[in-house]
Asker: 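I am attaching a structure below and will ask some questions about it afterwards.
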2 protein chains.
Amino acid sequence: MPYDPSAFPAFAVSVDLVVLTVRRHSLCALAVRRGESPFKGRWALPGGFVRPDEDLAVAAARELAEETGLLAHDPTLPVPPNAAHLEQLATYGDPKRDPRMRVVSVAHLALAPDLPAPRAGGDAHSVRWAPVESLLDREGAFGRDGDLAAPLAFDHARILADGVERARSKIEYSSLATAFCPQEFTVGELRRVYEAVWGVALDPRNFHRKVTGTPGFLVPTGGTTTRQGGRPAQLFRAGGATLLNPPMLRPEV
Amino acid sequence: MPYDPSAFPAFAVSVDLVVLTVRRHSLCALAVRRGESPFKGRWALPGGFVRPDEDLAVAAARELAEETGLLAHDPTLPVPPNAAHLEQLATYGDPKRDPRMRVVSVAHLALAPDLPAPRAGGDAHSVRWAPVESLLDREGAFGRDGDLAAPLAFDHARILADGVERARSKIEYSSLATAFCPQEFTVGELRRVYEAVWGVALDPRNFHRKVTGTPGFLVPTGGTTTRQGGRPAQLFRAGGATLLNPPMLRPEV
DNA sequence: CCTGATTATCGTCAGGCAGACGACTATGAT
DNA sequence: ATCATAGTCGTCTGCCTGACGATAATCAGG
């Protein structure tokens, strides 16, 4: 029996990306400047429409690659050089979230190491990393279109806030913070990731004891580096463990 | 400038519900029997299409009320008598997940106290509570259509498994387990909720110490009850705290 | 009434882990 | 050589958890 799709309301489905990285000791998100109405000239999260025969995760990985050149990382495979963590975040479907039409957006969260260059994607629009506070602390008081301090387009401030909160809580009980680091990194670099994401200062000695004492979190590569200045530090790679038990504790307040 | 929606692929968007409760010391989920093709006669999760001007959370709350009579619980308001916890779970959009057409389903998770009657919804189809293991442990070896032991329709086994895992982990660090209890409950009843959801036995003495010692988790109502047999137990209501810090620890293995 | 079964509640103790912080090490800069 | 910087190892104390003993208050049945 043939089926009549017109019996059900039609929606457009898009994926939006919260791509986070740590740059210069602060948590940054990828933002693109919109070249078209609505919200023309305003900053927004990267994203796009899902294709007719494309799974949601595939669409998100495609958008991520288009914007950053990063590959989505399948956790079952060894980590390729240019890999980012990618996971589904949440879905936003307020009927009025897009003034053009009914769009349901499946937001995804990507965590990437600091990239050599914030390369613009295939499209010619501008792309940049911006500290998440600067993207979120926008009252709209100066919100003329095109103003760099205008709020993010659509409901993207909400999506970004949800993504940041997911990242903040997830590095507590998983080894996901290593997704912000290059393949080889030091304990100090990992600590600065936690400090940037949580916005707190951590005790280097207790942090060192905790991460080196958690089985499977870090594996030493044998090398050392002195790129941070001071005494040379051991280099590590991410170990096989994905869940930290007991978790890293985020300091109060 | 008018906008042409036909420029983008059209999707149907539905909400599916993982409704969990604890009955007779085991974790159960709500299942409905499908009256139509595809998967006619098979068990499935309750759900339905999102209406053209309906937010996703509203659609989920509407489906929940239709199937169970439960109201979704806005956490900012005092808990009404027939309230359930409702939250978004994840979104499933495999192009082949529904043989009829491209359907993206936004799954939601609802936690409800044990209901007086598993009342059938407005539709005349049959509805029942089933232990989650019995819904998930179906190899499909006996999977003729209509067979009670056939796997769940569509990708609903996956959705149910994800919902159960979300509930299992979320009661660790939040006070959500109280959503499985009536408005007034004893420490022992709350402990049996944890035991049913996790499938483990907990030490009654350590559990009592933990939950009564966590500020804001439980507030005594002053009453006592003996409905479980044995010594009368104090009655509590859920306190204002939503996050448990430190969390309840799920026993190893 | 007495006994046992059942459930609730309080207490004790040892081990593990986290926070605070002292001490020492190995590099580069001046 | 000295200093600044960062990394690494230890120590101590307090809190929390798991294991488990002991007591309290009810009900069922003899």
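A note on names: the letters A, B, ... follow the listed sequences, proteins ahead of strands, and every chain is numbered from 1.
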Asker: Let me know the distance between CG of A/Leu244 and C1' of C/dC17, rounded to the nearest Å.
Answerer: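 Distance, rounded to whole Å: 15 Å.
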Asker: Expressed in angstrom and rounded to an integer, what is the separation of A/Asp203 atom CG from C/dG22 atom C1'?
Answerer: 11 Å
Asker: Are more than 12 heavy atoms, taken from residues, nucleotides or ligands other than A/Arg168, located less than 6.0 Å from that residue's CZ atom?
Answerer: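 Yes.
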Asker: Return the nearest nucleotide to the side chain of A/Val187; candidates are C/dA8, D/dG7, D/dT8.
Answerer: D/dT8
Asker: Of the candidate nucleotides C/dA26, C/dA18, D/dC16, which contains the atom at the shortest distance from the side chain of A/Pro232?
Answerer: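 Closest nucleotide among those given: C/dA26.
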Asker: Does CZ in A/Arg227 sit with more than 12 non-hydrogen atoms of other residues, nucleotides or ligands closer than 6.0 Å?
Answerer: yes
Asker: Using a 4.0 Å heavy-atom cut-off, does A/Arg227 contact any base of the nucleic acid, only the sugar-phosphate backbone, or nothing at all?
Answerer: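 No contact.
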Asker: Between A/Gln228 (CD) and C/dA26 (C1'), how many Å, whole number?
Answerer: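 Interatomic distance, CD of A/Gln228 to C1' of C/dA26: 15 Å.
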Asker: Look at the side chain of B/Arg205 against the base of C/dG11 and say whether a donor-acceptor pair falls under 3.5 Å; ignore hydrogens and angles.
Answerer: no
Asker: Could you tell me how far apart B/His25 (NE2) and C/dT7 (C1') are, to the nearest whole angstrom?
Answerer: 13 Å
Asker: From the options C/dA8, C/dG28, C/dT12, select the nucleotide whose nearest atom is closest to the side chain of B/Arg209.
Answerer: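 The listed nucleotide nearest to B/Arg209's side chain is C/dT12.
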Asker: Nearest whole angstrom, please: distance from the C1' of C/dG19 to the CZ of A/Arg191.
Answerer: 15 Å
Asker: On DNA chain D, nearest-nucleotide positions of B/Pro246 versus B/Gly230: which is more 5'?
Answerer: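 Whichever sits nearer the 5' end wins; that is B/Pro246.
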Asker: List the atom of A/Leu176, the atom of A/Glu87, and the distance in Å for their closest heavy-atom pair.
Answerer: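 Result for this residue pair: CD2-OE1, 4.3 Å.
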Asker: Is it true that B/Tyr92 and B/Asp16 share a donor-acceptor pair across their side chains at a distance under 3.5 Å?
Answerer: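 Short answer, no.
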Asker: With the side chain of A/Asn206 defined as its heavy atoms from C-beta on, choose the nearest nucleotide among C/dG19, C/dT9, C/dG28.
Answerer: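 Nearest to the side chain of A/Asn206 among the choices is C/dG19.
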Asker: Check if the side chain of B/Arg231 and the base of C/dA8 share a donor-acceptor pair of N or O atoms closer than 3.5 Å.
Answerer: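 Looking at the base of C/dA8, it does pair with a donor or acceptor on the side chain of B/Arg231 (distance under 3.5 Å).
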Asker: Measure from CG on A/Leu235 to P on C/dT27 and round the result to the nearest Å.
Answerer: 14 Å
Asker: Quick check with a 6.0 Å cut-off and a 45 degree axis cone: is A/Arg24 positioned over the face of A/Trp129's six-membered ring?
Answerer: no
Asker: C/dG16 C1' sits how many Å from A/Lys210 NZ, rounded?
Answerer: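 Atom-to-atom, A/Lys210 to C/dG16, this comes out as 11 Å.
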Asker: Hey, which sits more toward the 5' end of DNA chain D by its nearest nucleotide, B/Met248 or B/Gly229?
Answerer: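 Final value for this comparison: B/Met248.
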Asker: Nearest to the A/Leu249 side chain among D/dA19, C/dG19, C/dT9, which nucleotide is it?
Answerer: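 Nearest listed nucleotide: C/dG19.
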Asker: In this structure, how many angstroms lie between the C1' atom of C/dT25 and the NE2 atom of A/His208, rounded?
Answerer: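 Going from NE2 in A/His208 over to C1' in C/dT25 covers 12 Å.
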